[in-house]
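Here's the structure we're looking at; comments come further down.
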There are 2 protein chains.
Amino acid sequence: MGKEGKGNFQLKTPKGTRDWSGTDVVLREQIFSTITSVFKRHGGVTIDTPVFELKETLTGKYGEDSKLIYDLADQGGEICSLRYDLTVPFARFCAQNAVQNIKRYHIAKVYRRDQPAMTKGRMREFYQCDFDIAGQFDPMLPDAEILRIVKEVFEELPEWKGKFIIKINHRKILDGIFQICGVPTEKIRTISSAVDKLDKSPWDEVRREMVEDKGLDPEVADKIWTYAQLKGGKDVVEKLQGMPEVVANESAKQGLESMALLCDYLEIFDVMPALSVDMSLARGLDYYTGVIYEVVTEGSAPPASAKDVAKKEKKQKKSADPDEDRSNDPTIGVGSVAAGGRYDELVGMFSGKPIPCVGISFGVDRIFSITKARLGTAQPIRPTEVDVFIMAFGGGKDFTGMLPERMAVAKQLWDAGIKAEYLWKTKPKLQNQFKAAENGKVPWAIILGEEELKAGKIKIKEMGLPEGHPEKDGVEVGKANLVDEIQSRLKGKASLPDRTTA
Amino acid sequence: MGKEGKGNFQLKTPKGTRDWSGTDVVLREQIFSTITSVFKRHGGVTIDTPVFELKETLTGKYGEDSKLIYDLADQGGEICSLRYDLTVPFARFCAQNAVQNIKRYHIAKVYRRDQPAMTKGRMREFYQCDFDIAGQFDPMLPDAEILRIVKEVFEELPEWKGKFIIKINHRKILDGIFQICGVPTEKIRTISSAVDKLDKSPWDEVRREMVEDKGLDPEVADKIWTYAQLKGGKDVVEKLQGMPEVVANESAKQGLESMALLCDYLEIFDVMPALSVDMSLARGLDYYTGVIYEVVTEGSAPPASAKDVAKKEKKQKKSADPDEDRSNDPTIGVGSVAAGGRYDELVGMFSGKPIPCVGISFGVDRIFSITKARLGTAQPIRPTEVDVFIMAFGGGKDFTGMLPERMAVAKQLWDAGIKAEYLWKTKPKLQNQFKAAENGKVPWAIILGEEELKAGKIKIKEMGLPEGHPEKDGVEVGKANLVDEIQSRLKGKASLPDRTTA
């Protein structure tokens, strides 16, 4: 083999995909772990569905975006496609297993043949972290729980506290407003899609789309605009409830009652400060039937109040370069970092028996890009979790390298569950062993010397101590107590990937 | 939507795939977690490669098995295939990034269009857990580390200690023996494949394949058989080293020296008791160049010595029903549960610059099936990790349900990181709240009563206490100390999925 292979291969991953390695993957694992611990705190159970589904399972669920679905080649047998999100497979799972109620989370990759924009974390293969609640419960209680989960996740992720807002709206309020404004029933979904673009395009542009592309009466469009500008806290709900033409509409009235109840619950859960009731939020997907929400964030500016964040974010979006995909600032133009809502009829599309559902999907790859940019180089991440590097010290020609002794110590530490390495060389130089420990940011060294070992002694040294520190050269401990001595030293410091030796 | 959807869909996952949910997924996560902790103990870093690769990346790596590769449909752009294992993507990653050395682990799904056998854990979509070491090091040191990892994993998995053996051989010894026996060079790989079937088929059958199908001289075949029967500990290496015709062969001589050195290292690491040097082990894949190994296991019999295990396992294989795929015993005929070896030239197939590699792949789905069968119902697994269920108690028409109070307590617990749930009902019956807590195997209940709350008291109750226990009816604590009281009660017991309330 070998040589003839050279040059025959394109050494790359497919377009829109990438390898994850090094400290990137360590940081991403930390993000997964934070999110998972919140999910478990709320009683979440995980399910794992196949990466591909029968093609017909996905058909008719994504509207125009269906063209972005990856199909598997027909190699005989069933026709399958890669999953486009985790929601439709979840609905299929609920229908197939006649699930009555479940709080499930699912962290997995999904696939979209979209135009990739690497720096923003928009890829063809990317992770989603979903939490969904299926089942019949008293109104707005699962919805409140989901929003509380959103708050906990972003407050616990590094560098996100106070830097996010949850935009929220309700499909019934929106539909009611469209009716009040005089949008013909058959145009409601397409006009809703146009409204949803208000976070990326100015009103003039959206109005043009409504009137010219979608044939809406200009007066109707302008009426929509008077409502679409409303945003704030619970006051927006109360303001709308004070408008006679709004409460006269049954859909709007019901939606507003739901929103008012939800706000009461979110008050108890202390989520309201992060919330922005926003009449311009419409969400693209067809299947939502109740509350809808998405989480947006500022760039890397210092903490600001939710309203400032909203203003700033809006401004950034509006001034965004149309070629923003080529921009290198991962915090501009990423869109939402989490989104979801209530979808009470999706499961029924499979089984004929609807099960009410509400959920949230975290865009982890986007969250990763922003978190990484915010952390900068301030918090170096350890590449591995190794706590101890075992070295041998000896000078001159007679140095044996003490390989069996180093291996025996490694075995002793592994037996005790301690993370340890040694250099895979028979006769390593001391400086190469130190270099390996430093490269791995390993916090402790065990140094074996032939004389010391004969006397039953082993040296333990904390790496990276400053000159002049009393233990700079390490301390000798009895060979028999080695594991205890190491364990008591490790105890004080959590063995986490983000611990540094500084 | 709703009704018209009914019956239009096949409610299933694609052939050879399945959903994972409930306690199955909890047990599988525990297995992942055990394996990952061993990988990290040895300084492993994880990488994550795309689920599909350029088709040409996979071409020419799997011999006959290439027909089992899943291709993506040609939807314009690059031609891609789902990964068949994690080794070839790892080699591509090393070549692409000019990796000098790495200890990487990767836990992910791979795809093979094989005949599925669900009960044995043989699926078209299944997980592999791989640990590989790339780089130039002193002989047999990375190899010894891999085998130590194998030992740690199977000793730490529940119900595996003492129930596995690691079969090991060396390609250079095998090749040398084939040369000594007179196998023509061009037939060495195909005869090697035939020898590899000795764990599934009797010698007569394998001999027939060699002679009739592959045109080998019968005398040569019988000579192979005299060597292929050798198995044991380091004595097998020493026996072969004592045979003049064997050590006269350069390949065999080198292979035996490597094996002897490896056995010395494995002695220090205490791996030898689990090892069986086995001249009938050949491994199918072409790319191995040095040591090869696979882990086999007995059924569900009580612990036995490694040799007994080997004997029993052999017997089971031989007497296996040819229709074993329909058998319901997941421990029969699953083949190896982990396998690997040294492959020094695979990376060179991509870059022209070979990097020595050695690795192991754990077949997690098979390990899961066997572990589940061994555990039986002896150790019930908690479906969620919820520690506290918050209830309200009240009788008669005036019972308010205390929803805001239950929500406020939930918020208080979540703020403190405590896993807690309450029933999403405005006015729940006490018995339904208890039932929900019992279904979730939640160990603690907090019970709110209107009178008690007015007096600043809240009741904490441990679930599942026997009749007559002094705390059977719970204990009252001060409202202000609730979080502390709960935390101190949770502390004594680890909050693990496998903790039961019994």
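This is a predicted model, so every value here is computed, not measured. These numbers come from the heavy atoms of this one structure, side chains and all, not from hydrogens, waters or symmetry mates. Numbered from 1 within each chain, the chains take letters A, B, ... in sequence-line order.
- Within the 4.5 angstrom heavy-atom criterion, only side-chain atoms of B/Glu78, from C-beta onward, approach chain A.
- Heavy atoms of B/Val25 lying under 4.5 Å from chain A belong exclusively to its side chain.
- If you tally non-hydrogen atom pairs under 4.5 Å between each of A/Ala144, A/Gly43, A/Gly22 and chain B, the highest count goes to A/Gly43.
- Between B/Asp270 and B/Arg148 there is no salt bridge, since no side-chain nitrogen of the basic residue lies less than 4.0 Å from a carboxylate oxygen of the acidic one.
- The pair A/Asp74-A/Lys55 fails the salt-bridge criterion, with no side-chain N (NZ, NE, NH1 or NH2) lying under 4.0 Å from an Asp/Glu carboxylate O.
- Considering only heavy-atom pairs separated by less than 4.5 Å from chain A, the leading option among B/Phe269, B/Trp414, B/Phe137 is B/Trp414.
- Here B/Ile268 is the residue among B/Ile268, B/Val38, B/Ile47 with the most heavy-atom pairs under 4.5 Å with chain A.
- Side-chain contact between B/Val388 and B/Lys419 is absent, with no heavy atoms from C-beta onward closer than 4.5 Å.
- Per-residue counts of heavy-atom pairs under 4.5 Å with chain A were compared for B/Leu423, B/Asp24, B/Leu141; the largest is that of B/Leu141.
- Taking a cutoff of 4.0 Å between a charged side-chain nitrogen and a carboxylate oxygen, A/Arg406 and A/Glu421 do not qualify as a salt bridge.
- Proximity to chain A is limited to the side chain of B/Ile133, based on heavy atoms less than 4.5 angstrom apart.
- The greatest number of non-hydrogen atom pairs below 4.5 Å with chain A, out of B/Thr17, B/Leu72, B/Thr426, B/Leu82, is found for B/Leu72.
- Highest contact tally toward chain B, considering only A/Leu413, A/Ile102, A/Asp415, A/Asn97, is held by A/Asp415 [criterion: heavy-atom pairs under 4.5 Å].
- If you measure heavy-atom distances from B/Leu403 to chain A, the contacts under 4.5 Å come from the side chain alone.
- In this structure, chain A has a heavy atom under 4.5 Å from the side chain of B/Tyr422, while its backbone stays farther away.
- Between B/Tyr111 and B/Phe52, the ring center distance fails the sub-6.0 Å criterion.
- Ring to ring, A/Tyr127 and A/Trp20 are not that close: their centroids are 6.0 angstrom or more apart.
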task = Starting from the C-alpha separation in whole Å, work towards a yes-or-no answer on salt bridge (Lys or Arg N to Asp or Glu O under 4.0 Å) for A/Lys427 and B/Asp138.
result = CA-CA 9 Å; A/Lys427 293 186 187 181; B/Asp138 279 352; over 6 Å; no

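- If you measure heavy-atom distances from B/Arg104 to chain A, you find no contacts under 4.5 Å at all.
- In terms of non-hydrogen atom pairs under 4.5 Å with chain A, the most contact-rich of B/Arg18, B/Glu29, B/Glu152, B/Lys103 is B/Lys103.
- Checked for salt-bridge contact, B/Arg83 and B/Glu53 miss the test: no charged N lies under 4.0 Å from a carboxylate O.
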